[in-house]
Amino acid sequence: MINITLRDDVKAFENGTSLLDVAKSISEGLARVALSATVDGSVCGLDFVPKKDCVVNFLTFDDEDGRRTYRHTTSHILAQAVKRLFPSAKLAIGPAIDDGFYYDFDFENPITNNDLEKIEAEMKKIIKEDLPLERFELPRAEALKLMEEKGEAYKVELINDLPEDAVISFYKQGDFTDLCAGPHLLSTGKIKAIKLQYTAGAYWRGNENNKMLTRIYGTAFPKKAELDEYIERLEEAKKRDHNKLGRELEIFTTVDSIGQGLPILLPKGAKIIQILQRFVEDHEDKNGWVRTKTPYMAKSDLYKISGHWDHYKDGMFVMGDEETDKEVFALRPMTCPFQYQAYLNRMRSYRDLPLRYGETSTLFRNEASGEMHGLIRVRQFTISEGHLMCRPDQLEEEFKNCLEMAIYMLKTLGLYEDVSYRFSQWDPDDKGKYIGTEEQWNEAQDTMAKILDHLEIPYKVGVGEAAFYGPKLDIQIKNVFGKEDTLITIQIDQMLAEKFGMEYIDKDGTKKNPYIIHRTSIGCYERTLALLIEKYAGAFPAWLAPTQVKILPISDNYLDYADKLYAALKEKGFRIELDDRSEKIGYKIREAQLEKVPYMIIAGEKEMNEGTVSVRSRKNGDLGTMTIDEFMIMLSKEIEDKVI
RNA sequence: GCUAGUGUGGCGCAGUUGGUAGCGCAAUUGAUUCGUAAUCAAUAGGCCGAGGGUUCAAGUCCCUUCACUAGCUCCA
């Protein structure tokens with residue numbers, strides 16, 4: 001007998017009982033919704049037969065691993081459909097991802113959207129055929145033989161790269177067999193609602209030197225209604241796309257003759273960035289930061305010391321040619337080596353530390369042409385940059401302060417609930433990308449890990465995501481398409497201080513290199529603006545809104561009164577506009593509403609006689625009548641408190 | 001940079017097998033002086049991203065290039 005613990009309850013089963021039978025013994029309902037299960041913590045298919053006492057937890061579509069099982073099986077159905085329609089296509093890999101799945105193929109000829117429809121139709125046929133998925137294992141030599149016979153070169157490569165002791169498993173469904181660790185659903189008929197979404201290129205094994213394969217993305221749900229709702233949600237999210245909304249609301253634009261990744265910030269966009277910049281600089285200064293203002297470019301000599309010339313040259317705009325020109329300049333891609341010169345201006349004592357240098361810094365990075373995206377990835381951007389030089393005993397406290405400042409900014413902007421932490425480490429298998437020795441990297445990462453653990457930061461590790469000079473704590477955020485970008489980064493650097501000969505005289509009279517924290521408190525303004533547009537769908541909180549109040553006179557007869565109101569608001573520094581066109585009030589309200597202005601004040605005969613205004617909020621509609629002073633007090637408080 | 005796709009007046013779109021550009025909204029002008037999401041009418045606006053080519057004839061076909069979109073790689 002095998003004892004199986006199901007949540008709190010322990011039950012005994014015959015030897016040879018599968019998890020599906022276990023589920024059935026509990027209830028038919030569970031057997032219907034269970035997709036896979038964890039057995040002592042590892043995910044298994046329902047065909048798994050426990051051989052010893054264990055703890056089983058059934059997974060449904062509500063569990064992440066359950067969803068993954070469901071969608072992974074769907075990716076196999078996709079592969080089967082593709083092989084039926086395009087027998088010459090080669091299979092690469094096909095995992096489940098957060099919201100669906102994909103499968104990479106090497107097609108003989110490119111496929112079209114029309115093909116995608118055909119493939120989806122074939123998938124539906126396979127689902128209807130309700131083919132059982134059968135798992136089997138093969139020794140390495142036989143596994144290789146099977147894949148070679150089928151001409152699956154990519155699978156052969158995958159098998160060859162598996163560790164010696166790995167179990168090599170396959171899943172077979174009807175005429176289709178795939179190398180796969182599983183687990184899977186028991187049959188293709190379990191899949192209910194599917195949708196192939198789009199195709200994209202993807203390099204084999206994620207390496208740009210390898211062949212580019214065709215990746216087909218899709219998703220699957222247990223109910224048609226859930227699929228429809230998901231697609232509807234995606235469509236809704238796209239309406240918030242900053243790249244569309246930002247242009248419609250005249251926040252920014254781009255011009256072909258200026259070039260890619262070089263957006264024009266229009267008055268509204270420039271205003272929001274000015275507000276953010278003042279907010280950030282004031283807050284930093286209050287927290288002990290001092291400002292530097294350093295050049296936008298430098299001779300190649302500087303970048304040779306910092307390592308940029310060897311490790312980042314492709315990412316820089318270089319002016320001139322070392323072969324022919326006496327001096328070669330490059331626009332700065334980072335502020336670090338420039339701010340270090342401020343530190344180096346004189347000899348430092350341990351008493352001088354920490355030194356906190358902030359700069360609102362414009363940077364230039366020659367991104368590959370396919371990388372640019374609205375305001376999120378650009379070639380010129382301005383970042384709230386800063387470098388903090390400190391002693392080892394100050395490192396943790398200062399790191400914490402930098403982090404707290406970033407969190408304060410994110411909370412104030414209302415973005416904090418949307419971010420996640422990533423501990424970006426180096427890739428020991430790709431040492432050429434980094435400066436420093438393995439010992440230095442291990443030490444830097446250990447130091448950072450200790451601090452992060454001590455501060456109880458819930459992070460994910462990103463191998464190979466580090467800067468070339470040190471590990472980072474990245475604060476990540478997703479855009480409306482679900483694509484993740486780094487908003488804020490805080491880095492610990494031990495290497496550049498040494499390279500630049502930055503020192504301080506310690507208590508004992510010896511010279512030491514300071515620790516350097518590279519950090520930003522709000523990230524780059526363009527990217528932050530993009531995410532704010534998406535967060536608020538263009539309807540910015542009053543403290544950020546480029547126009548806070550729009551005055552709408554009912555007719556031309558009240559223009560004089562409207563002018564008085566305008567002057568009163570302007571005098572107090574509110575950002576206001578006056579709509580003095582001879583339009584009907586409904587029309588003016590509609591336009592102000594579409595421009596997403598937080599407040600409208602309506603002035604007609606009644607208000608003029610009473611000396612009041614009628615206030616309409618973008619969010620809550622008509623707020624009734626009040627005096628202009630009452631309105632200004634209300635709005636001032638909202639702005640002061642940075643209500644979001 | 002790579003894969004796939006897109007590019008027609010400010011915006012959203014039409015433009016059939018190549019025959020010489022249209023619609024809605026916005027804009028402008030005039031009338032209307034209006035009470036919480038669209039007043040009526042008239043007018044103007046485009047060498048169809050750019051540069052070549054094929055053709056009697058190109059928005060429609062071919063080539064090159066630029067920009068935009070999604071994804072990959074890279075990254076704040």
Side-chain angles (χ1 to χ4, degrees), chain A residues 102 104 107 110-113 116 197-217 238 241 243-244 247-248 250 253-262 312 314-315 333-334 361 363 365-374 376-378 381-385 424 433 464-465 467 472 474-477 481-489 491 518 520 522-528 530 552-559 581-594 600-607 614-618 621-624:
Chain A
Y102 67 78
D104 286 346
F107 283 100
I111 60 160
T112 63
N113 283 337
L116 221 52
Q197 293 163 291
Y198 50 90
T199 63
Y203 299 107
W204 166 235
R205 308 202 119 181
N207 185 328
E208 62 181 321
N209 299 315
N210 288 343
K211 183 164 186 185
M212 183 159 268
L213 309 174
T214 304
R215 175 171 296 177
I216 299 177
Y217 283 90
K238 280 179 193 166
D241 178 8
N243 209 359
K244 195 167 185 298
R247 289 168 199 270
E248 277 171 16
E250 299 199 289
T253 186
T254 48
V255 177
D256 286 8
S257 58
I258 290 179
Q260 254 193 314
L262 298 167
Y312 205 81
D314 287 346
M334 293 161 188
S361 184
L363 305 178
R365 296 188 185 177
N366 192 5
E367 302 287 351
S369 63
E371 305 300 343
M372 259 67 76
H373 172 61
I376 285 186
R377 276 292 281 284
V378 291
F381 58 92
T382 299
I383 187 165
S384 54
E385 180 89 282
S424 294
K433 270 176 72 178
E465 303 286 344
K472 311 190 281 181
D474 290 325
I475 303 183
Q476 303 291 109
I477 191 159
F481 297 101
K483 185 174 167 120
E484 192 175 277
D485 271 297
T486 302
L487 193 58
I488 288 176
T489 177
Q491 310 167 8
H518 302 235
T520 165
I522 207 177
C524 96
Y525 289 99
E526 292 83 352
R527 180 174 289 182
T528 303
L552 312 178
I554 299 248
S555 82
D556 295 353
N557 298 332
Y558 317 109
L559 278 179
R581 297 171 304 170
S582 305
E583 295 289 350
K584 289 172 82 168
I585 192 66
Y587 185 80
K588 290 184 183 182
I589 287 171
R590 179 184 151 80
E591 294 223 322
Q593 198 78 37
L594 291 175
M600 286 151 254
I601 59 180
I602 292 153
E605 184 165 12
K606 193 180 91 181
E607 290 79 5
S614 285
V615 179
R616 185 186 159 97
S617 130
R618 167 186 68 199
D622 194 350
L623 299 185

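Numbers restart at 1 for each chain; the letters A, B, ... are given by sequence-line order, proteins then strands.
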Could you check E607(A) against E484(A) and say which one's nearest nucleotide on RNA chain B is further toward the 5' end?
E607(A)

K606(A) vs Q260(A), nearer the 5' end of RNA chain B by closest nucleotide:
K606(A)

Compare every heavy atom of [Y] with every heavy atom of [X], then report the nearest pair and how far apart it is.
{"X": "K472(A)", "Y": "Q491(A)", "answer": "CD-NE2, 3.1 Å"}
{"X": "L116(A)", "Y": "T199(A)", "answer": "CD1-CG2, 3.7 Å"}
{"X": "I383(A)", "Y": "Y525(A)", "answer": "C-CE1, 4.2 Å"}
{"X": "G604(A)", "Y": "I554(A)", "answer": "CA-CG1, 3.5 Å"}

Give one of base, sugar-phosphate or nothing for [X], where a contact means two heavy atoms less than 4.0 Å apart.
{"X": "R618(A)", "answer": "nothing"}
{"X": "E367(A)", "answer": "base"}
{"X": "R215(A)", "answer": "sugar-phosphate"}
{"X": "L487(A)", "answer": "sugar-phosphate"}
{"X": "K472(A)", "answer": "sugar-phosphate"}
{"X": "I602(A)", "answer": "base"}
{"X": "V255(A)", "answer": "nothing"}
{"X": "G586(A)", "answer": "sugar-phosphate"}
{"X": "G482(A)", "answer": "nothing"}
{"X": "T214(A)", "answer": "nothing"}
{"X": "G604(A)", "answer": "base"}
{"X": "Y587(A)", "answer": "sugar-phosphate"}
{"X": "E526(A)", "answer": "nothing"}

Under a 4.5 Å cut-off applied to non-hydrogen side-chain atoms, are T520(A) and T489(A) in contact?
yes

Would you call Y558(A) and E607(A) a side-chain contact if the rule is heavy atoms closer than 4.5 Å?
no

With rounding to the closest Å, how many angstrom separate the [atom1] atoms on [N] and [M]?
{"N": "rU20(B)", "M": "rG15(B)", "atom1": "C1'", "value": "13 Å"}
{"N": "rG49(B)", "M": "rA21(B)", "atom1": "P", "value": "15 Å"}
{"N": "rA38(B)", "M": "rG5(B)", "atom1": "P", "value": "43 Å"}
{"N": "rG53(B)", "M": "rC72(B)", "atom1": "P", "value": "41 Å"}
{"N": "rG18(B)", "M": "rU55(B)", "atom1": "C1'", "value": "9 Å"}
{"N": "rU29(B)", "M": "rC13(B)", "atom1": "P", "value": "29 Å"}
{"N": "rC47(B)", "M": "rG22(B)", "atom1": "P", "value": "14 Å"}
{"N": "rA14(B)", "M": "rG59(B)", "atom1": "C1'", "value": "12 Å"}

If the threshold is 4.0 Å, N to carboxylate O, is there a salt bridge linking E371(A) and R365(A)?
no

With respect to the phosphate group of rA27(B), does any side-chain polar atom (N or O) of R581(A) fall under 4.0 Å of OP1 or OP2?
yes

Side-chain N or O of S369(A) versus OP1/OP2 of rG1(B): is the shortest distance under 4.0 Å?
yes

My understanding is that a pair needs two contacts under 3.5 Å, Watson-Crick or G-U wobble. By that rule, which nucleotide pairs with [N]?
{"N": "rU3(B)", "value": "rA70(B)"}
{"N": "rA14(B)", "value": "none"}
{"N": "rA57(B)", "value": "none"}
{"N": "rC40(B)", "value": "rG30(B)"}

Determine whether any donor atom in the side chain of E371(A) lies under 3.5 Å from an acceptor atom in the base of rU73(B), or the reverse, and answer yes or no.
yes

Between the base of rG35(B) and the side chain of S614(A), is there a donor-acceptor distance below 3.5 Å?
yes

Which nucleotide in the list [options] gets nearest to the side chain of [X]?
{"X": "R365(A)", "options": "rC75(B), rU33(B), rG35(B)", "result": "rC75(B)"}
{"X": "E208(A)", "options": "rA76(B), rA67(B), rU73(B)", "result": "rU73(B)"}
{"X": "C524(A)", "options": "rG35(B), rA76(B), rA70(B)", "result": "rA76(B)"}
{"X": "I589(A)", "options": "rG35(B), rU36(B), rC74(B)", "result": "rU36(B)"}
{"X": "Y203(A)", "options": "rC68(B), rA37(B), rU73(B)", "result": "rU73(B)"}
{"X": "R247(A)", "options": "rG71(B), rC68(B), rA37(B)", "result": "rC68(B)"}
{"X": "K483(A)", "options": "rU32(B), rG71(B), rA67(B)", "result": "rG71(B)"}
{"X": "N557(A)", "options": "rG1(B), rA70(B), rC34(B)", "result": "rC34(B)"}
{"X": "S582(A)", "options": "rU33(B), rA37(B), rG71(B)", "result": "rU33(B)"}
{"X": "E605(A)", "options": "rG35(B), rC75(B), rU73(B)", "result": "rG35(B)"}

What integer distance in Å separates [X]:[atom1] from [N]:[atom2]?
{"X": "I383(A)", "N": "rC75(B)", "atom1": "CD1", "atom2": "C1'", "result": "11 Å"}
{"X": "W204(A)", "N": "rC72(B)", "atom1": "CH2", "atom2": "P", "result": "17 Å"}
{"X": "I376(A)", "N": "rC74(B)", "atom1": "CD1", "atom2": "P", "result": "19 Å"}
{"X": "I585(A)", "N": "rA37(B)", "atom1": "CD1", "atom2": "C1'", "result": "11 Å"}
{"X": "L594(A)", "N": "rA37(B)", "atom1": "CG", "atom2": "P", "result": "12 Å"}
{"X": "D241(A)", "N": "rU6(B)", "atom1": "CG", "atom2": "C1'", "result": "15 Å"}
{"X": "E583(A)", "N": "rU36(B)", "atom1": "CD", "atom2": "C1'", "result": "15 Å"}
{"X": "K588(A)", "N": "rC34(B)", "atom1": "NZ", "atom2": "C1'", "result": "9 Å"}

Passing candidate, side-chain hydrogen bond (donor to acceptor under 3.5 Å, both in side chains) with E367(A), options H373(A), R377(A), Q260(A)
R377(A)

Would you say R247(A) and T254(A) are linked by a side-chain donor-acceptor pair, where the criterion is simply a distance under 3.5 Å?
yes

Would you check if F381(A) stacks with the base of rA76(B), given a 5.5 Å centroid limit and a 30° plane limit, both strict?
yes

Over 12 foreign heavy atoms within 6.0 Å of CD, E250(A)
no

